[in-house]
There are 2 protein chains.
Amino acid sequence: MEDTPKTMPRLDESLLSHVPPFSKLDKRQIREILDVASVRRLGEGVAVFEEGAPAERFFMLLDGYIRVMRITPAGEQVIALHIPSGQLFGIAKAIGRDTYPATSVTASEAIILSWPMRVWDEFAVRYDGFASETYKTVGQRIGEMNNRIVEMATQQVEQRVANALLRLINQTGRKVEGGIEIDFPITRQDLSEMTATTLHTVSRLLSAWEKQGLVSSKRKRITVTDPHRLVLLCRGVAAN
Amino acid sequence: MEDTPKTMPRLDESLLSHVPPFSKLDKRQIREILDVASVRRLGEGVAVFEEGAPAERFFMLLDGYIRVMRITPAGEQVIALHIPSGQLFGIAKAIGRDTYPATSVTASEAIILSWPMRVWDEFAVRYDGFASETYKTVGQRIGEMNNRIVEMATQQVEQRVANALLRLINQTGRKVEGGIEIDFPITRQDLSEMTATTLHTVSRLLSAWEKQGLVSSKRKRITVTDPHRLVLLCRGVAAN
DNA sequence: TCAGAAGTTTGCGCCATCGCAAATTCCGGT
DNA sequence: ACCGGAATTTGCGATGGCGCAAACTTCTGA
(Lines give C-alpha, C1' and ligand atoms only; values in the text may rest on other atoms or scores of the structure.)
Protein backbone atom coordinates (compact mmCIF):
# COMPACT_ATOMS: atom_id res chain seq x y z
CA MET A 1 0.00 0.00 0.00
CA GLU A 2 2.09 2.83 1.20
CA ASP A 3 4.92 1.26 -0.76
CA THR A 4 3.14 2.20 -3.97
CA PRO A 5 2.49 5.90 -3.70
CA LYS A 6 -1.01 6.63 -4.86
CA THR A 7 -1.74 9.00 -7.62
CA MET A 8 -4.95 10.89 -7.81
CA PRO A 9 -7.27 8.83 -9.98
CA ARG A 10 -9.32 10.24 -12.78
CA LEU A 11 -12.96 10.16 -11.82
CA ASP A 12 -13.82 7.50 -14.26
CA GLU A 13 -17.05 5.51 -14.42
CA SER A 14 -15.15 2.27 -14.05
CA LEU A 15 -14.19 3.27 -10.52
CA LEU A 16 -17.66 2.68 -9.20
CA SER A 17 -19.10 0.17 -11.59
CA HIS A 18 -18.09 -2.80 -9.45
CA VAL A 19 -19.03 -1.32 -6.10
CA PRO A 20 -22.23 -2.97 -4.82
CA PRO A 21 -24.33 0.11 -4.06
CA PHE A 22 -23.60 1.44 -7.54
CA SER A 23 -23.15 -1.69 -9.57
CA LYS A 24 -26.64 -1.75 -10.99
CA LEU A 25 -26.36 1.73 -12.43
CA ASP A 26 -25.60 2.74 -15.97
CA LYS A 27 -22.80 5.03 -17.07
CA ARG A 28 -24.89 8.14 -17.09
CA GLN A 29 -26.04 7.60 -13.53
CA ILE A 30 -22.54 6.93 -12.26
CA ARG A 31 -21.44 10.08 -14.03
CA GLU A 32 -24.09 12.03 -12.14
CA ILE A 33 -22.92 10.55 -8.88
CA LEU A 34 -19.30 11.32 -9.54
CA ASP A 35 -20.18 14.86 -10.51
CA VAL A 36 -21.24 15.65 -6.96
CA ALA A 37 -18.39 13.75 -5.29
CA SER A 38 -15.18 15.13 -3.87
CA VAL A 39 -11.94 13.18 -3.95
CA ARG A 40 -9.19 13.31 -1.38
CA ARG A 41 -5.90 11.54 -1.09
CA LEU A 42 -4.82 11.10 2.50
CA GLY A 43 -1.64 9.90 4.15
CA GLU A 44 -1.54 7.26 6.86
CA GLY A 45 -3.03 8.09 10.21
CA VAL A 46 -5.25 10.95 9.12
CA ALA A 47 -8.67 11.35 10.71
CA VAL A 48 -11.57 11.33 8.26
CA PHE A 49 -14.22 12.13 10.81
CA GLU A 50 -14.57 12.10 14.55
CA GLU A 51 -17.07 10.45 16.81
CA GLY A 52 -19.88 12.79 17.73
CA ALA A 53 -19.29 15.26 14.93
CA PRO A 54 -22.30 16.19 12.81
CA ALA A 55 -22.52 13.71 9.97
CA GLU A 56 -22.24 16.13 7.09
CA ARG A 57 -20.76 13.81 4.51
CA PHE A 58 -20.64 10.16 3.68
CA PHE A 59 -17.65 8.43 2.19
CA MET A 60 -16.49 5.69 -0.05
CA LEU A 61 -13.04 4.22 0.14
CA LEU A 62 -11.48 3.89 -3.29
CA ASP A 63 -8.09 2.66 -2.19
CA GLY A 64 -6.36 1.92 1.09
CA TYR A 65 -7.74 1.01 4.47
CA ILE A 66 -9.77 2.78 7.10
CA ARG A 67 -9.70 2.07 10.79
CA VAL A 68 -12.88 2.70 12.75
CA MET A 69 -12.40 3.23 16.44
CA ARG A 70 -13.66 4.75 19.63
CA ILE A 71 -11.83 6.46 22.41
CA THR A 72 -12.83 6.05 26.04
CA PRO A 73 -13.05 8.93 28.52
CA ALA A 74 -9.82 7.55 29.98
CA GLY A 75 -8.15 7.94 26.61
CA GLU A 76 -7.88 4.29 25.67
CA GLN A 77 -8.53 3.43 22.07
CA VAL A 78 -10.66 0.53 20.96
CA ILE A 79 -10.51 -0.42 17.32
CA ALA A 80 -13.92 -1.53 16.12
CA LEU A 81 -13.13 -2.66 12.60
CA HIS A 82 -11.11 -2.09 9.44
CA ILE A 83 -12.76 -1.14 6.21
CA PRO A 84 -11.29 -2.40 2.96
CA SER A 85 -11.48 -0.45 -0.26
CA GLY A 86 -14.73 -0.49 -2.20
CA GLN A 87 -16.95 0.11 0.80
CA LEU A 88 -19.06 3.01 1.90
CA PHE A 89 -18.45 4.33 5.38
CA GLY A 90 -19.61 7.17 7.58
CA ILE A 91 -23.12 6.32 6.47
CA ALA A 92 -24.78 7.64 9.59
CA LYS A 93 -27.90 8.40 7.61
CA ALA A 94 -28.47 4.71 6.95
CA ILE A 95 -28.85 4.14 10.65
CA GLY A 96 -30.90 7.21 11.36
CA ARG A 97 -28.17 9.19 13.07
CA ASP A 98 -27.04 12.73 12.53
CA THR A 99 -23.67 12.39 14.19
CA TYR A 100 -20.93 9.88 13.49
CA PRO A 101 -20.98 7.07 16.03
CA ALA A 102 -17.23 6.45 15.87
CA THR A 103 -13.98 7.98 14.71
CA SER A 104 -12.39 6.88 11.49
CA VAL A 105 -8.75 7.21 10.59
CA THR A 106 -6.76 6.10 7.60
CA ALA A 107 -4.75 2.96 8.34
CA SER A 108 -2.70 3.43 5.19
CA GLU A 109 -2.52 5.94 2.42
CA ALA A 110 -6.00 6.18 1.09
CA ILE A 111 -8.14 7.68 -1.62
CA ILE A 112 -11.58 8.68 -0.55
CA LEU A 113 -14.67 9.87 -2.34
CA SER A 114 -17.26 11.77 -0.38
CA TRP A 115 -20.67 13.32 -0.83
CA PRO A 116 -22.66 15.76 1.23
CA MET A 117 -25.13 13.87 3.36
CA ARG A 118 -28.04 15.75 1.87
CA VAL A 119 -27.73 13.84 -1.40
CA TRP A 120 -28.27 10.60 0.49
CA ASP A 121 -32.03 10.57 0.23
CA GLU A 122 -31.76 11.63 -3.37
CA PHE A 123 -29.47 8.68 -4.14
CA ALA A 124 -31.81 6.39 -2.24
CA VAL A 125 -34.85 7.28 -4.30
CA ARG A 126 -33.14 7.83 -7.59
CA TYR A 127 -30.76 4.91 -7.81
CA ASP A 128 -32.07 1.44 -7.74
CA GLY A 129 -30.27 -0.82 -5.28
CA PHE A 130 -28.38 1.96 -3.55
CA ALA A 131 -30.46 1.86 -0.38
CA SER A 132 -30.80 -1.88 -0.17
CA GLU A 133 -27.10 -2.46 -0.74
CA THR A 134 -26.09 -0.01 1.93
CA TYR A 135 -28.44 -1.69 4.37
CA LYS A 136 -26.67 -4.91 3.59
CA THR A 137 -23.42 -3.26 4.47
CA VAL A 138 -24.93 -2.16 7.76
CA GLY A 139 -26.11 -5.70 8.33
CA GLN A 140 -22.64 -7.07 7.75
CA ARG A 141 -21.12 -4.62 10.18
CA ILE A 142 -23.70 -5.57 12.78
CA GLY A 143 -22.81 -9.18 12.22
CA GLU A 144 -19.14 -8.43 12.72
CA MET A 145 -19.81 -6.49 15.89
CA ASN A 146 -21.92 -9.32 17.16
CA ASN A 147 -19.15 -11.79 16.52
CA ARG A 148 -16.71 -9.51 18.20
CA ILE A 149 -18.86 -9.40 21.32
CA VAL A 150 -19.26 -13.14 21.44
CA GLU A 151 -15.55 -13.57 20.89
CA MET A 152 -14.56 -11.22 23.65
CA ALA A 153 -17.06 -12.81 25.97
CA THR A 154 -16.05 -16.40 25.45
CA GLN A 155 -12.53 -16.66 24.13
CA GLN A 156 -9.20 -15.98 25.66
CA VAL A 157 -6.53 -13.70 24.41
CA GLU A 158 -4.66 -16.18 22.25
CA GLN A 159 -7.78 -17.12 20.34
CA ARG A 160 -8.91 -13.53 19.98
CA VAL A 161 -5.61 -12.43 18.51
CA ALA A 162 -5.55 -15.41 16.16
CA ASN A 163 -9.06 -14.52 15.08
CA ALA A 164 -8.16 -10.92 14.50
CA LEU A 165 -5.21 -11.91 12.34
CA LEU A 166 -7.32 -14.24 10.26
CA ARG A 167 -10.00 -11.64 9.81
CA LEU A 168 -7.37 -9.14 8.70
CA ILE A 169 -5.82 -11.43 6.15
CA ASN A 170 -9.25 -12.36 4.85
CA GLN A 171 -10.34 -8.79 4.43
CA THR A 172 -7.11 -7.12 3.60
CA GLY A 173 -4.62 -9.88 2.93
CA ARG A 174 -2.14 -9.78 0.09
CA LYS A 175 -0.31 -12.87 -1.13
CA VAL A 176 3.43 -12.58 -0.80
CA GLU A 177 6.03 -15.28 -1.08
CA GLY A 178 5.83 -17.32 2.06
CA GLY A 179 2.34 -16.40 3.14
CA ILE A 180 -0.31 -13.74 3.25
CA GLU A 181 0.58 -10.32 4.48
CA ILE A 182 -1.69 -7.80 6.11
CA ASP A 183 -1.83 -5.10 3.51
CA PHE A 184 -1.29 -2.08 5.69
CA PRO A 185 1.09 -1.10 8.48
CA ILE A 186 -0.11 -2.44 11.79
CA THR A 187 1.60 -2.33 15.16
CA ARG A 188 1.37 -4.68 18.13
CA GLN A 189 -0.41 -1.85 19.85
CA ASP A 190 -3.04 -1.71 17.10
CA LEU A 191 -3.58 -5.42 17.32
CA SER A 192 -3.98 -5.18 21.08
CA GLU A 193 -6.60 -2.48 20.66
CA MET A 194 -8.51 -4.76 18.34
CA THR A 195 -8.46 -7.65 20.75
CA ALA A 196 -8.81 -6.05 24.14
CA THR A 197 -5.38 -6.91 25.43
CA THR A 198 -1.98 -5.26 25.79
CA LEU A 199 0.79 -4.76 23.30
CA HIS A 200 3.03 -6.87 25.52
CA THR A 201 0.77 -9.86 25.31
CA VAL A 202 0.42 -9.49 21.55
CA SER A 203 4.17 -9.26 21.21
CA ARG A 204 4.66 -12.42 23.26
CA LEU A 205 2.10 -14.28 21.20
CA LEU A 206 3.59 -13.23 17.89
CA SER A 207 7.05 -14.19 19.09
CA ALA A 208 5.80 -17.61 20.10
CA TRP A 209 3.95 -18.08 16.82
CA GLU A 210 6.95 -16.97 14.86
CA LYS A 211 9.06 -19.63 16.58
CA GLN A 212 6.47 -22.19 15.53
CA GLY A 213 6.38 -20.96 11.97
CA LEU A 214 2.83 -19.69 12.01
CA VAL A 215 3.59 -16.09 11.26
CA SER A 216 6.51 -13.89 10.43
CA SER A 217 6.66 -10.26 11.30
CA LYS A 218 8.69 -7.17 10.98
CA ARG A 219 8.08 -3.74 12.34
CA LYS A 220 4.51 -2.79 11.46
CA ARG A 221 4.19 -5.76 9.15
CA ILE A 222 2.69 -9.16 9.80
CA THR A 223 2.62 -12.11 7.45
CA VAL A 224 0.65 -15.21 8.22
CA THR A 225 2.64 -18.14 6.92
CA ASP A 226 0.39 -20.94 8.10
CA PRO A 227 -3.24 -19.79 8.15
CA HIS A 228 -4.46 -23.32 8.65
CA ARG A 229 -2.72 -23.85 11.93
CA LEU A 230 -3.84 -20.41 13.02
CA VAL A 231 -7.42 -21.48 12.46
CA LEU A 232 -6.83 -24.37 14.82
CA LEU A 233 -5.70 -21.92 17.46
CA CYS A 234 -8.97 -20.03 17.13
CA ARG A 235 -10.85 -23.14 18.01
CA GLY A 236 -8.84 -23.38 21.17
CA VAL A 237 -6.61 -26.19 19.97
CA ALA A 238 -3.24 -25.66 21.57
CA ALA A 239 -0.42 -25.26 19.11
CA ASN A 240 2.22 -27.77 20.01
CA MET B 1 -44.53 -8.45 35.11
CA GLU B 2 -45.09 -12.12 35.52
CA ASP B 3 -46.79 -11.29 38.80
CA THR B 4 -49.64 -9.70 36.87
CA PRO B 5 -50.82 -12.33 34.44
CA LYS B 6 -51.37 -10.76 31.07
CA THR B 7 -54.64 -10.94 29.30
CA MET B 8 -54.86 -10.94 25.56
CA PRO B 9 -55.33 -7.31 24.54
CA ARG B 10 -57.91 -6.18 22.07
CA LEU B 11 -56.23 -5.07 18.90
CA ASP B 12 -57.05 -1.46 19.40
CA GLU B 13 -55.58 1.50 17.52
CA SER B 14 -54.30 3.01 20.74
CA LEU B 15 -51.86 0.12 21.11
CA LEU B 16 -49.66 1.40 18.33
CA SER B 17 -50.34 5.09 18.29
CA HIS B 18 -47.45 5.89 20.59
CA VAL B 19 -44.91 3.55 19.05
CA PRO B 20 -42.38 5.56 17.03
CA PRO B 21 -42.52 3.71 13.70
CA PHE B 22 -46.31 4.06 13.72
CA SER B 23 -46.87 7.24 15.64
CA LYS B 24 -47.30 9.45 12.59
CA LEU B 25 -50.09 7.37 11.19
CA ASP B 26 -53.81 7.98 11.39
CA LYS B 27 -56.38 5.56 12.76
CA ARG B 28 -57.25 4.10 9.44
CA GLN B 29 -53.66 3.28 8.65
CA ILE B 30 -53.06 1.70 12.03
CA ARG B 31 -56.21 -0.31 11.50
CA GLU B 32 -54.78 -1.60 8.22
CA ILE B 33 -51.57 -2.55 9.93
CA LEU B 34 -53.31 -4.35 12.75
CA ASP B 35 -55.46 -6.23 10.29
CA VAL B 36 -52.46 -8.07 8.93
CA ALA B 37 -50.84 -8.64 12.33
CA SER B 38 -50.91 -11.76 14.47
CA VAL B 39 -50.89 -11.58 18.26
CA ARG B 40 -49.32 -14.08 20.59
CA ARG B 41 -49.06 -14.27 24.33
CA LEU B 42 -45.98 -16.15 25.46
CA GLY B 43 -44.75 -17.36 28.80
CA GLU B 44 -41.29 -16.71 30.15
CA GLY B 45 -38.35 -18.34 28.42
CA VAL B 46 -40.03 -19.06 25.10
CA ALA B 47 -38.04 -18.70 21.91
CA VAL B 48 -39.51 -16.26 19.39
CA PHE B 49 -37.02 -16.97 16.66
CA GLU B 50 -33.65 -18.64 16.35
CA GLU B 51 -30.39 -17.41 14.95
CA GLY B 52 -29.93 -18.45 11.36
CA ALA B 53 -33.58 -19.25 10.71
CA PRO B 54 -35.14 -17.64 7.63
CA ALA B 55 -36.52 -14.28 8.66
CA GLU B 56 -40.14 -14.86 7.75
CA ARG B 57 -41.74 -12.45 10.17
CA PHE B 58 -40.93 -9.30 12.04
CA PHE B 59 -42.18 -8.52 15.50
CA MET B 60 -43.22 -5.83 17.85
CA LEU B 61 -43.22 -6.27 21.59
CA LEU B 62 -46.43 -4.99 23.13
CA ASP B 63 -45.71 -6.00 26.69
CA GLY B 64 -42.94 -7.77 28.53
CA TYR B 65 -39.26 -8.14 27.73
CA ILE B 66 -37.27 -9.92 25.09
CA ARG B 67 -33.75 -11.21 25.46
CA VAL B 68 -31.58 -11.29 22.37
CA MET B 69 -28.69 -13.70 22.53
CA ARG B 70 -26.27 -15.87 20.66
CA ILE B 71 -24.99 -19.32 21.40
CA THR B 72 -21.42 -20.33 20.69
CA PRO B 73 -20.43 -23.63 19.08
CA ALA B 74 -19.30 -24.68 22.57
CA GLY B 75 -22.79 -24.04 23.88
CA GLU B 76 -22.10 -20.90 25.87
CA GLN B 77 -24.74 -18.22 25.75
CA VAL B 78 -23.99 -14.56 25.30
CA ILE B 79 -26.79 -12.12 25.91
CA ALA B 80 -26.58 -9.25 23.49
CA LEU B 81 -29.35 -7.00 24.74
CA HIS B 82 -32.81 -6.77 26.24
CA ILE B 83 -35.68 -5.22 24.35
CA PRO B 84 -38.31 -3.30 26.29
CA SER B 85 -41.93 -3.14 25.19
CA GLY B 86 -42.86 -0.79 22.39
CA GLN B 87 -40.00 -1.78 20.13
CA LEU B 88 -39.79 -3.64 16.89
CA PHE B 89 -37.45 -6.61 16.75
CA GLY B 90 -36.48 -9.34 14.36
CA ILE B 91 -36.27 -6.67 11.70
CA ALA B 92 -33.72 -8.50 9.60
CA LYS B 93 -35.07 -6.78 6.51
CA ALA B 94 -33.93 -3.41 7.80
CA ILE B 95 -30.34 -4.61 7.71
CA GLY B 96 -30.59 -6.43 4.43
CA ARG B 97 -30.58 -9.93 5.85
CA ASP B 98 -32.81 -12.84 5.14
CA THR B 99 -31.99 -14.83 8.25
CA TYR B 100 -32.16 -13.73 11.87
CA PRO B 101 -28.72 -12.79 13.15
CA ALA B 102 -29.47 -13.83 16.75
CA THR B 103 -31.88 -15.81 18.85
CA SER B 104 -34.59 -14.07 20.81
CA VAL B 105 -36.35 -15.43 23.83
CA THR B 106 -38.94 -13.96 26.13
CA ALA B 107 -37.40 -12.78 29.38
CA SER B 108 -40.82 -12.47 30.99
CA GLU B 109 -44.36 -13.13 29.96
CA ALA B 110 -44.83 -11.18 26.80
CA ILE B 111 -47.36 -10.11 24.23
CA ILE B 112 -46.06 -9.94 20.73
CA LEU B 113 -47.44 -8.70 17.44
CA SER B 114 -45.95 -10.00 14.25
CA TRP B 115 -46.22 -9.53 10.52
CA PRO B 116 -45.00 -11.57 7.59
CA MET B 117 -41.76 -10.09 6.33
CA ARG B 118 -43.21 -9.59 2.86
CA VAL B 119 -45.31 -6.67 4.08
CA TRP B 120 -42.15 -4.88 5.17
CA ASP B 121 -41.50 -3.14 1.88
CA GLU B 122 -45.17 -2.32 1.64
CA PHE B 123 -45.10 -0.64 5.06
CA ALA B 124 -41.93 1.18 4.11
CA VAL B 125 -43.41 2.78 1.02
CA ARG B 126 -46.92 3.25 2.29
CA TYR B 127 -46.40 4.57 5.79
CA ASP B 128 -44.54 7.74 6.29
CA GLY B 129 -41.84 7.50 8.92
CA PHE B 130 -41.96 3.74 9.24
CA ALA B 131 -38.67 3.15 7.47
CA SER B 132 -36.80 6.07 8.97
CA GLU B 133 -37.91 5.22 12.49
CA THR B 134 -36.85 1.62 12.18
CA TYR B 135 -33.46 2.72 10.94
CA LYS B 136 -33.18 4.82 14.04
CA THR B 137 -33.86 1.73 16.08
CA VAL B 138 -31.10 -0.05 14.21
CA GLY B 139 -28.82 2.88 14.89
CA GLN B 140 -29.53 2.72 18.59
CA ARG B 141 -28.81 -0.96 18.72
CA ILE B 142 -25.54 -0.40 16.91
CA GLY B 143 -24.70 2.26 19.45
CA GLU B 144 -25.41 -0.12 22.28
CA MET B 145 -23.31 -2.85 20.75
CA ASN B 146 -20.50 -0.41 20.26
CA ASN B 147 -20.64 0.60 23.88
CA ARG B 148 -20.70 -2.98 24.89
CA ILE B 149 -17.52 -3.67 22.95
CA VAL B 150 -15.74 -0.69 24.41
CA GLU B 151 -16.87 -1.69 27.86
CA MET B 152 -15.68 -5.25 27.56
CA ALA B 153 -12.39 -4.08 26.13
CA THR B 154 -11.56 -1.52 28.77
CA GLN B 155 -13.41 -2.19 31.98
CA GLN B 156 -13.12 -4.88 34.52
CA VAL B 157 -15.81 -7.15 35.76
CA GLU B 158 -17.04 -5.03 38.63
CA GLN B 159 -17.59 -2.04 36.37
CA ARG B 160 -19.20 -4.10 33.66
CA VAL B 161 -21.70 -5.63 36.02
CA ALA B 162 -22.48 -2.25 37.54
CA ASN B 163 -23.02 -0.89 34.05
CA ALA B 164 -25.28 -3.75 33.09
CA LEU B 165 -27.42 -3.19 36.17
CA LEU B 166 -27.74 0.50 35.48
CA ARG B 167 -28.65 -0.14 31.88
CA LEU B 168 -31.29 -2.61 32.96
CA ILE B 169 -32.90 -0.27 35.46
CA ASN B 170 -32.84 2.53 32.92
CA GLN B 171 -34.50 0.48 30.24
CA THR B 172 -36.68 -1.77 32.27
CA GLY B 173 -36.65 -0.40 35.79
CA ARG B 174 -39.75 -0.15 37.91
CA LYS B 175 -39.90 2.00 41.03
CA VAL B 176 -40.59 0.03 44.18
CA GLU B 177 -40.27 1.12 47.76
CA GLY B 178 -36.60 1.21 48.53
CA GLY B 179 -35.26 1.50 45.02
CA ILE B 180 -35.69 0.54 41.41
CA GLU B 181 -36.31 -3.04 40.53
CA ILE B 182 -35.44 -4.79 37.31
CA ASP B 183 -38.84 -5.50 35.90
CA PHE B 184 -38.36 -9.11 34.89
CA PRO B 185 -36.88 -12.21 36.48
CA ILE B 186 -33.13 -12.31 36.03
CA THR B 187 -30.63 -14.76 37.43
CA ARG B 188 -27.00 -14.32 38.35
CA GLN B 189 -26.30 -16.57 35.42
CA ASP B 190 -28.14 -14.20 33.07
CA LEU B 191 -26.23 -11.24 34.39
CA SER B 192 -22.97 -13.10 33.91
CA GLU B 193 -23.88 -13.85 30.31
CA MET B 194 -24.49 -10.16 29.75
CA THR B 195 -21.15 -9.15 31.18
CA ALA B 196 -18.79 -11.87 30.07
CA THR B 197 -18.10 -13.31 33.45
CA THR B 198 -19.28 -16.20 35.63
CA LEU B 199 -22.32 -16.52 37.84
CA HIS B 200 -19.98 -16.97 40.80
CA THR B 201 -18.35 -13.64 40.29
CA VAL B 202 -21.71 -11.92 39.83
CA SER B 203 -22.97 -13.54 42.99
CA ARG B 204 -19.94 -12.36 44.95
CA LEU B 205 -20.34 -8.83 43.62
CA LEU B 206 -24.03 -8.66 44.45
CA SER B 207 -23.35 -9.99 47.94
CA ALA B 208 -20.71 -7.35 48.49
CA TRP B 209 -22.94 -4.59 47.13
CA GLU B 210 -25.82 -5.77 49.24
CA LYS B 211 -23.67 -5.48 52.36
CA GLN B 212 -22.88 -1.93 51.33
CA GLY B 213 -26.50 -1.07 50.70
CA LEU B 214 -26.19 -0.54 46.96
CA VAL B 215 -28.58 -3.25 45.90
CA SER B 216 -30.92 -5.75 47.39
CA SER B 217 -31.76 -9.01 45.76
CA LYS B 218 -33.82 -12.08 46.03
CA ARG B 219 -33.97 -15.09 43.83
CA LYS B 220 -34.33 -13.87 40.25
CA ARG B 221 -35.02 -10.33 41.44
CA ILE B 222 -32.65 -7.44 41.77
CA THR B 223 -33.41 -4.00 43.16
CA VAL B 224 -30.95 -1.17 42.93
CA THR B 225 -31.26 0.85 46.11
CA ASP B 226 -28.52 3.38 45.48
CA PRO B 227 -28.11 4.02 41.75
CA HIS B 228 -25.89 6.99 42.39
CA ARG B 229 -23.19 5.03 44.15
CA LEU B 230 -23.47 2.36 41.48
CA VAL B 231 -22.66 5.00 38.87
CA LEU B 232 -19.50 5.79 40.76
CA LEU B 233 -18.50 2.14 40.55
CA CYS B 234 -18.86 2.26 36.77
CA ARG B 235 -16.32 5.00 36.61
CA GLY B 236 -13.92 2.77 38.45
CA VAL B 237 -14.24 4.57 41.77
CA ALA B 238 -13.85 2.00 44.53
CA ALA B 239 -16.93 1.68 46.72
CA ASN B 240 -16.59 3.50 50.08
C1' DT C 1 -46.06 -31.89 53.15
C1' DC C 2 -42.16 -33.53 51.13
C1' DA C 3 -38.69 -34.36 47.42
C1' DG C 4 -36.26 -32.76 43.92
C1' DA C 5 -34.94 -29.09 41.00
C1' DA C 6 -33.30 -24.64 40.40
C1' DG C 7 -30.88 -20.84 41.98
C1' DT C 8 -27.47 -18.86 45.16
C1' DT C 9 -23.51 -18.37 48.24
C1' DT C 10 -18.91 -19.06 49.63
C1' DG C 11 -14.24 -21.07 50.16
C1' DC C 12 -9.92 -22.19 48.05
C1' DG C 13 -6.20 -22.81 44.80
C1' DC C 14 -4.51 -21.66 40.36
C1' DC C 15 -3.12 -19.40 36.28
C1' DA C 16 -3.68 -16.34 32.34
C1' DT C 17 -2.85 -11.94 31.77
C1' DC C 18 -1.59 -7.45 33.20
C1' DG C 19 1.61 -3.80 34.72
C1' DC C 20 5.98 -2.09 35.14
C1' DA C 21 10.66 -1.75 33.77
C1' DA C 22 14.62 -2.19 31.06
C1' DA C 23 17.03 -3.52 27.05
C1' DT C 24 17.16 -3.86 22.15
C1' DT C 25 16.13 -3.08 17.40
C1' DC C 26 14.53 -0.48 13.69
C1' DC C 27 13.74 3.57 10.97
C1' DG C 28 13.39 8.24 9.30
C1' DG C 29 15.40 12.71 9.19
C1' DT C 30 19.26 15.91 9.06
C1' DA D 1 26.50 8.27 9.02
C1' DC D 2 24.54 9.38 13.10
C1' DC D 3 20.89 10.62 16.39
C1' DG D 4 16.52 10.37 18.48
C1' DG D 5 12.12 8.58 18.57
C1' DA D 6 9.17 4.76 17.73
C1' DA D 7 8.33 -0.02 17.96
C1' DT D 8 9.39 -4.32 19.85
C1' DT D 9 10.99 -7.88 23.02
C1' DT D 10 11.49 -10.01 27.34
C1' DG D 11 11.74 -10.70 32.32
C1' DC D 12 9.47 -10.68 36.66
C1' DG D 13 6.11 -10.09 40.19
C1' DA D 14 1.28 -9.21 41.35
C1' DT D 15 -3.56 -10.31 40.99
C1' DG D 16 -8.27 -10.42 39.21
C1' DG D 17 -11.21 -13.58 38.16
C1' DC D 18 -11.98 -18.42 36.92
C1' DG D 19 -12.91 -23.28 37.91
C1' DC D 20 -14.22 -26.64 41.01
C1' DA D 21 -16.64 -28.18 44.89
C1' DA D 22 -19.75 -28.17 48.52
C1' DA D 23 -23.40 -26.35 51.28
C1' DC D 24 -27.43 -23.79 51.57
C1' DT D 25 -31.94 -21.63 50.26
C1' DT D 26 -35.94 -21.10 47.71
C1' DC D 27 -39.28 -22.59 44.79
C1' DT D 28 -42.49 -26.12 42.36
C1' DG D 29 -45.18 -29.89 41.70
C1' DA D 30 -46.94 -34.23 43.18
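Lettering of chains follows the sequences in order, A, B, ..., and the numbering in each one begins at 1. The shown structure was predicted, so the numbers you read here are calculated from the model rather than taken from an experiment.
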Send over the distance from [X] [atom1] to [N] [atom2], rounded to a whole Å.
| X | N | atom1 | atom2 | value |
| --- | --- | --- | --- | --- |
| B:E210 | C:dT10 | CD | C1' | 15 Å |
| B:L206 | C:dG7 | CG | P | 16 Å |
| A:L205 | D:dT10 | CG | C1' | 14 Å |
| A:E76 | C:dC18 | CD | C1' | 13 Å |
| A:R160 | C:dA16 | CZ | P | 14 Å |
| B:L191 | C:dT8 | CG | C1' | 13 Å |
| A:E44 | D:dA7 | CD | P | 9 Å |
| A:R219 | C:dC26 | CZ | P | 9 Å |

Q. Rounded to the nearest 0.5 Å, what separation is found between the OG atom of A:S85 and the CG atom of A:D63?
A.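 The distance works out to 5.5 Å.
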Nearest 0.5 Å, please: how far is CD1 in A:I182 from CG in A:L168?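 It is 4.5 Å, given to the nearest 0.5 Å.
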Is the distance from OP1 or OP2 of [N] to the nearest side-chain N or O of [X] less than 4.0 Å?
| X | N | answer |
| --- | --- | --- |
| A:T201 | C:dT17 | no |
| A:S207 | D:dT10 | yes |
| B:T187 | C:dG7 | no |
| A:R188 | D:dT9 | yes |
| A:S203 | D:dT9 | yes |

Selected nucleotide, minimal atom distance to A:K220 side chain, candidates D:dC18, D:dA7, C:dA6: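 That would be D:dA7.
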| pair A:S217-A:R188: side-chain heavy atoms closer than 4.5 Å |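 The answer is yes; the side chains approach within 4.5 Å.
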Donor-acceptor list for residues 74-82 of chain B side chains, cut-off 3.5 Å, not counting sequence neighbours:
{"residue": "B:E76", "atom": "OE1", "partner": "B:T72", "partner atom": "OG1", "Å": "3.2"}
{"residue": "B:H82", "atom": "NE2", "partner": "B:R67", "partner atom": "NE", "Å": "3.0"}
{"residue": "B:H82", "atom": "NE2", "partner": "B:R67", "partner atom": "NH2", "Å": "3.4"}

Between the base of D:dG19 and the side chain of B:R204, is one N or O donor paired with an acceptor at under 3.5 angstrom?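 It does, because a donor-acceptor pair links the side chain of B:R204 to the base of D:dG19 below 3.5 Å.
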- Spell out yes or no: do the side chain of A:H200 and the base of C:dT17 have one donor N/O and one acceptor N/O closer than 3.5 Å?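 In this structure, the two groups form no donor-acceptor pair.
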Discussion item. Go nucleotide by nucleotide along DNA chain C from the 5' end; which of B:V202 and A:Q155 gets its closest nucleotide reached first?
Written reply: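 Looking at DNA chain C, the more 5' nearest nucleotide goes with B:V202.
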message = Pick the closest DNA chain C nucleotide for A:T197 and for A:K218 by heavy atoms, then say which residue is nearer the 5' end.
response =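 Residue closer to the 5' terminus by nearest nucleotide: A:T197.
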- prompt: Can you tell me if B:T106 uses its side chain to pair, donor with acceptor, with the backbone of B:G43 under 3.5 Å?
  reply: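 A pair under 3.5 Å: yes.
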